[in-house]
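A quick write-up on the structure given underneath.
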Protein chains: 4
Amino acid sequence: MPRVSAAYLAERRAHILEAAARCFAREGFHRATLQHIVREAGLSPGAIYRYFSSKEDIVAAIASERHAAERVLLRGTATERGALPGVAELARAFLGRLGRPAEREWRRVTVQLWSEALRSPRVMEVVRSGLDEPLRLVAARLRAGQRDGTIARDVDATATARVAAAVFEGLVLQQAWEPGLDVERFVRAAVRLLEGLAPAGRRRASARKRQARGAQE
Amino acid sequence: MPRVSAAYLAERRAHILEAAARCFAREGFHRATLQHIVREAGLSPGAIYRYFSSKEDIVAAIASERHAAERVLLRGTATERGALPGVAELARAFLGRLGRPAEREWRRVTVQLWSEALRSPRVMEVVRSGLDEPLRLVAARLRAGQRDGTIARDVDATATARVAAAVFEGLVLQQAWEPGLDVERFVRAAVRLLEGLAPAGRRRASARKRQARGAQE
Amino acid sequence: MPRVSAAYLAERRAHILEAAARCFAREGFHRATLQHIVREAGLSPGAIYRYFSSKEDIVAAIASERHAAERVLLRGTATERGALPGVAELARAFLGRLGRPAEREWRRVTVQLWSEALRSPRVMEVVRSGLDEPLRLVAARLRAGQRDGTIARDVDATATARVAAAVFEGLVLQQAWEPGLDVERFVRAAVRLLEGLAPAGRRRASARKRQARGAQE
Amino acid sequence: MPRVSAAYLAERRAHILEAAARCFAREGFHRATLQHIVREAGLSPGAIYRYFSSKEDIVAAIASERHAAERVLLRGTATERGALPGVAELARAFLGRLGRPAEREWRRVTVQLWSEALRSPRVMEVVRSGLDEPLRLVAARLRAGQRDGTIARDVDATATARVAAAVFEGLVLQQAWEPGLDVERFVRAAVRLLEGLAPAGRRRASARKRQARGAQE
DNA sequence: AATGAATGAGCTTTCATTCAT
DNA sequence: TATGAATGAAAGCTCATTCAT
């Protein structure tokens with residue numbers, strides 16, 4: 001099948017990546033053998049190696065794809081609204097997406113990428129650069145909120161952004177372990193925490209509204 | 001009628017686990033071979049198999065040890081103080097401990113256990129039961145705070161406990177990736193978030209104290 | 001009804017063989033992959049297989065080409081002069097040619113063909129028929145020398161021809177290992193040995209001439 | 001089978017080497033797979049890798065063993081006799097040994113080592129150091145002969161030693177190709193050539209003796 | 001209780017060859 | 001004719017595990 005289009009090649013590559021991701025989600029990077037991927041992709045070993053130079057290359061490519069998808073998601077969130085709602089929207093975008101059953105596979109792969117990053121500089125680079133941009137963005141929004149008075153001045157924007165990222169990571173993890181987790185509820189609790197960053201005086205109104213609903217469970 | 005004392009056996013077992021943990025931290029569960037562990041422990045393969053039935057058994061044992069250590073830590077935190085300070089103390093105990101360089105190895109192993117849990121029911125069981133107890137404890141303290149008025153009624157204690165656990169997990173992860181991370185600052189930001197859970201009226205005083213210091217960075 | 005001329009085909013074939021020989025000289029028959037040859041020739045795998053039915057076919061073709069070239073060289077040496085000078089000329093023709101840097105590649109390929117012949121009847125046939133003709137020719141010249149009195153009667157022409165061939169082979173080998181080898185000097189020493197085949201009485205004159213120069217090193 | 005003697009280990013190693021040599025002689029280094037060697041040795045792949053770190057390591061070890069054996073052979077030849085007989089003895093020792101059917105396998109392996117040396121620095125080193133010592137020894141004996149008058153002054157000892165080595169190499173090759181070769185006759189012809197190095201005057205007597213037998217074939 | 005040589009299934013990767021285009 | 005993506009058998013090698021000593 002010679003002289004095929006670039007689109008065909010890209011599609012083939014994506015096809016392999018998807019097959020590999022399914023295998024990795026199911027069995028882990030190390031248990032999933034190339035034979036599994038070969039079978040899942042319906043190809044031959046040689047075909048795989050035409051698109052990727054090694055198994056690790058596939059892992060790194062998956063990390064990259066994931067990273068790219070998150071970057072798109074990140075940039076898609078509006079910046080127009082107030083700082084606190086902006087961050088909350090970000091949280092909903094990221095966390096909410098994870099709740100979708102279709103993402104189940106990705107959550108499992110993501111957790112593995114975290115651990116793989118500890119061994120593979122290539123994966124580490126992808127994973128860390130995937131963390132840095134959200135960190136900067138959230139910190140910037142928090143600082144904007146401090147300037148326009150919607151966020152208390154005593155908040156450490158940089159460190160709080162890290163905490164927010166940690167919440168996201170922890171959710172990915174807990175959901176990977178417990179697919180039935182109630183993400184909506186988790187997200188609401190996270191957003192409630194964020195609202196505690198508002199200056200003391202400004203919290204009254206929203207607090208009262210919420211009080212009406214009452215605590216759950 | 002054992003030829004050697006139980007203490008000797010326990011010591012041997014612990015010795016192997018420590019050697020294995022060093023190997024796992026250094027190379028990951030899958031890259032670390034039994035030969036590496038054998039070398040690190042200064043023993044023979046046969047000796048290892050006298051104490052553990054398989055490599056996975058070693059991994060599970062490490063997870064258990066970790067779990068037991070955390071349980072001790074958890075139970076060591078006082079319940080006497082008010083709810084919010086109690087949770088904050090818990091946060092400091094767990095998060096602060098992670099900052100110690102000596103724990104660096106453990107952080108790396110922990111992240112790997114998370115991903116290993118996805119494949120191994122045994123590890124999963126240990127890891128999840130290690131999460132459940134803190135979850136219950138934190139939720140209970142939050143509810144106690146709601147009863148005594150130090151925590152707002154609109155807070156979802158159960159979900160917030162999960163968010164708190166997520167913050168802990170995210171910190172473990174970020175520190176594993178970036179050993180130089182400023183944990184103190186991270187912990188302060190996390191505690192600040194928790195304080196936002198206080199009822200609107202009660203926050204004025206502490207907020208003003210903090211305002212004096214100003215935000216960092 | 002060929003679409004392209006026979007000359008074009010032959011040229012293509014030769015082009016591939018040259019590319020293959022360069023690869024073989026550089027990496028050996030077994031390390032050199034068809035992909036290497038494809039790249040070196042600037043063609044596609046399919047194109048190669050249009051001219052050769054297998055990798056081994058290329059090897060055999062290279063051996064044949066080499067053989068043909070040597071046959072030409074062999075027939076080009078004059079038979080007119082006396083027997084001993086005739087053999088010496090042959091030696092000079094063969095050995096001297098090897099000294100040329102351009103032949104370096106061929107020496108490496110030749111040594112590999114020798115070893116390949118042990119496994120491949122096709123290569124063996126080519127290699128041995130390439131040895132037989134020189135063997136017969138040299139033996140014939142030695143016998144002619146015995147008839148005209150320039151070579152001692154006690155010389156075993158057939159066996160001596162083999163020894164002469166061995167000298168040639170050994171030189172190819174030593175030069176393949178050590179490209180800087182002083183071939184001229186080697187050839188002189190070999191010719192000097194041949195002169196020892198002259199009947200005792202006839203050696204005086206040439207011996208004295210040489211004595212003047214003295215031994216080297 | 002733990003804690004075995006060093007002798008057992010050495011024997012095991014030798015056993016593997018012999019099995020490998022048989023495979024290599026039969027199929028060549030590249031065609032002979034580890035599985036072949038495993039089967040021939042009656043062991044498992046893992047067992048082989050306990051003694052050798054790679055297939056190439058086995059090849060190099062075989063070259064070394066061969067080299068060591070030749071060194072012993074070389075040193076075993078007397079130096080007491082005159083120079084020319086000394087060299088002739090050397091020739092007989094080396095060449096004669098090759099004629100033995102038991103050495104057939106070794107000849108085939110040797111030819112392959114020559115070609116392997118072109119690709120493997122390790123093998124090259126072994127092969128070349130195996131050539132250097134005989135070269136020096138033969139050259140020294142030739143020079144001794146020149147000093148005591150048994151070898152003509154016009155002989156280039158160094159280059160002639162190389163020619164002698166070439167004769168040896170050529171014989172190995174020709175015999176590998178043609179196991180039925182009459183080595184005795186080849187050796188006699190080679191020795192006859194060496195005798196031509198005697199000063200002109202001294203050759204009369206031996207020449208006449210030989211004349212009686214006459215040329216063969 | 002401890003040793004460590006041995007096992008062997010199974011890993012990732014290669015590469016001569018094919019054939020739809 | 002030529003292309004080059006695809007094949008798939010088989011390569012070298014690893015390593016968790018066993019068991020005779």
Side-chain angles (χ1 to χ4, degrees), chain A residues 1-5 8-9 12 30-38 41-58, chain B residues 2-4 8-9 12 29-39 41-58, chain C residues 2-4 8-9 12 29-39 41-58, chain D residues 1-5 8-9 12 30-38 41-58:
Chain A
M1 237 170 288
R3 233 177 292 198
V4 296
S5 68
Y8 173 85
L9 257 41
R12 218 44 166 172
H30 300 278
R31 290 288 252 246
T33 71
L34 240 345
Q35 277 311 320
H36 292 155
I37 299 175
V38 159
L43 290 169
S44 62
I48 305 276
Y49 279 84
R50 179 159 277 280
Y51 294 90
F52 301 95
S53 64
S54 67
K55 194 182 171 185
E56 165 146 26
D57 197 29
I58 299 178
Chain B
R3 304 276 216 88
V4 299
Y8 173 82
L9 255 45
R12 261 296 155 98
F29 290 152
H30 300 278
R31 289 287 251 246
T33 70
L34 235 4
Q35 273 312 317
H36 291 153
I37 299 175
V38 160
R39 221 173 293 136
L43 291 169
S44 64
I48 305 271
Y49 277 84
R50 189 153 279 281
Y51 295 90
F52 300 94
S53 65
S54 68
K55 194 183 174 185
E56 167 147 25
D57 196 29
I58 299 179
Chain C
R3 304 278 214 88
V4 300
Y8 173 81
L9 256 44
R12 264 290 156 103
F29 290 151
H30 299 279
R31 288 287 250 247
T33 71
L34 235 4
Q35 272 312 319
H36 291 154
I37 299 175
V38 159
R39 220 172 296 139
L43 291 169
S44 64
I48 305 272
Y49 277 84
R50 189 153 281 282
Y51 294 91
F52 300 94
S53 65
S54 68
K55 194 181 174 185
E56 166 146 25
D57 196 28
I58 299 179
Chain D
M1 239 170 288
R3 233 177 293 199
V4 298
S5 68
Y8 172 85
L9 256 42
R12 214 53 163 163
H30 299 278
R31 291 289 253 246
T33 72
L34 240 344
Q35 276 312 320
H36 292 153
I37 298 175
V38 159
L43 291 169
S44 62
I48 306 276
Y49 280 85
R50 179 158 276 281
Y51 296 90
F52 301 94
S53 64
S54 66
K55 194 182 172 186
E56 164 145 27
D57 196 29
I58 299 179

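The structure presented is a predicted model; accordingly, all values stated were derived computationally and were not measured. Every chain is numbered from 1 and lettered A, B, ... according to where its sequence line falls, protein lines coming before strand lines. These numbers come from the heavy atoms of this one structure, side chains and all, not from hydrogens, waters or symmetry mates.
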Got a sec, which residues hit side-chain contact (heavy atoms from CB on, under 4.5 Å) with C:R12, two or more places apart in sequence or on another chain? C:Y8, C:L43, C:Y51
If only side-chain N and O atoms of B:R50 are considered, is one of them under 4.0 Å from the OP1 or OP2 phosphate oxygen of E:dA2? no
Collect all protein-nucleotide pairs involving nucleotides 11-14 of chain E in which both atoms are nitrogen or oxygen and the distance is under 3.5 Å.
from, atom 1, to, atom 2, distance (Å)
E:dT12, OP1, A:K55, NZ, 2.7
E:dT12, OP2, A:L34, N, 2.8
E:dT13, OP2, A:Y49, OH, 2.3
E:dT13, OP2, A:K55, N, 3.0
E:dT13, O5', A:Y49, OH, 3.1

What pairs with C:H36 under ring-ring contact (aromatic ring centres under 6.0 Å, His included), at least two apart in sequence or on another chain? none
d(CD1, C:I48; P, F:dA2) in whole Å: 11 Å
Whether the side chain of C:K55 engages the backbone of C:T33 through a donor-acceptor N/O pair (distance < 3.5 Å, no angle test) should be reported. no
Phosphate-side-chain proximity, C:Y51 and F:dT1, N/O vs OP1/OP2 below 4.0 Å: no
Applying side-chain contact (heavy atoms from CB on, under 4.5 Å) to C:R50 and not counting sequence neighbours gives none
Partners meeting side chain to side chain donor-acceptor pair (under 3.5 Å) with C:E56 (sequence neighbours left out): C:S120
Using Watson-Crick pairs (N1 to N3, plus N6-O4 or O6-N4) and G-U wobble pairs, both distances under 3.5 Å, which stems of at least 3 pairs involve DNA chain E? E:2-21 with F:2-21
Separation of D:I58 CD1 from D:I37 CD1 (nearest 0.5 Å): 4.5 Å
Is D:Y8 close enough to E:dA6 that one of its side-chain N or O atoms is under 4.0 Å from OP1 or OP2 there? yes
By the 4.0 Å heavy-atom rule, please label D:L43 as base, sugar-phosphate, or nothing. sugar-phosphate
Could you tell me the separation between the CZ atom of C:R12 and the C1' atom of F:dT3, rounded to a whole number of Å? 12 Å
Residue mapping more 5' on DNA chain E - nearest nucleotide basis, D:S44 or B:S44: B:S44
Let me confirm one number: the OG-CD distance from B:S44 to B:Q35, rounded to the nearest 0.5 Å. 9.5 Å
With a non-hydrogen cut-off below 4.0 angstrom, is B:F52 in contact with a base, only sugar-phosphate, or nothing? nothing
Does any part of the side chain of A:D57, heavy atoms only, come nearer than 4.5 Å to the side chain of A:S54, both counted from C-beta? yes
Would you give the length of the straight line joining atom CZ of C:F52 to atom CG of C:L34, rounded to the nearest 0.5 angstrom? 11.0 Å
Nucleotide F:dC15, atom P - distance to CD1 of B:I58 in whole Å: 15 Å
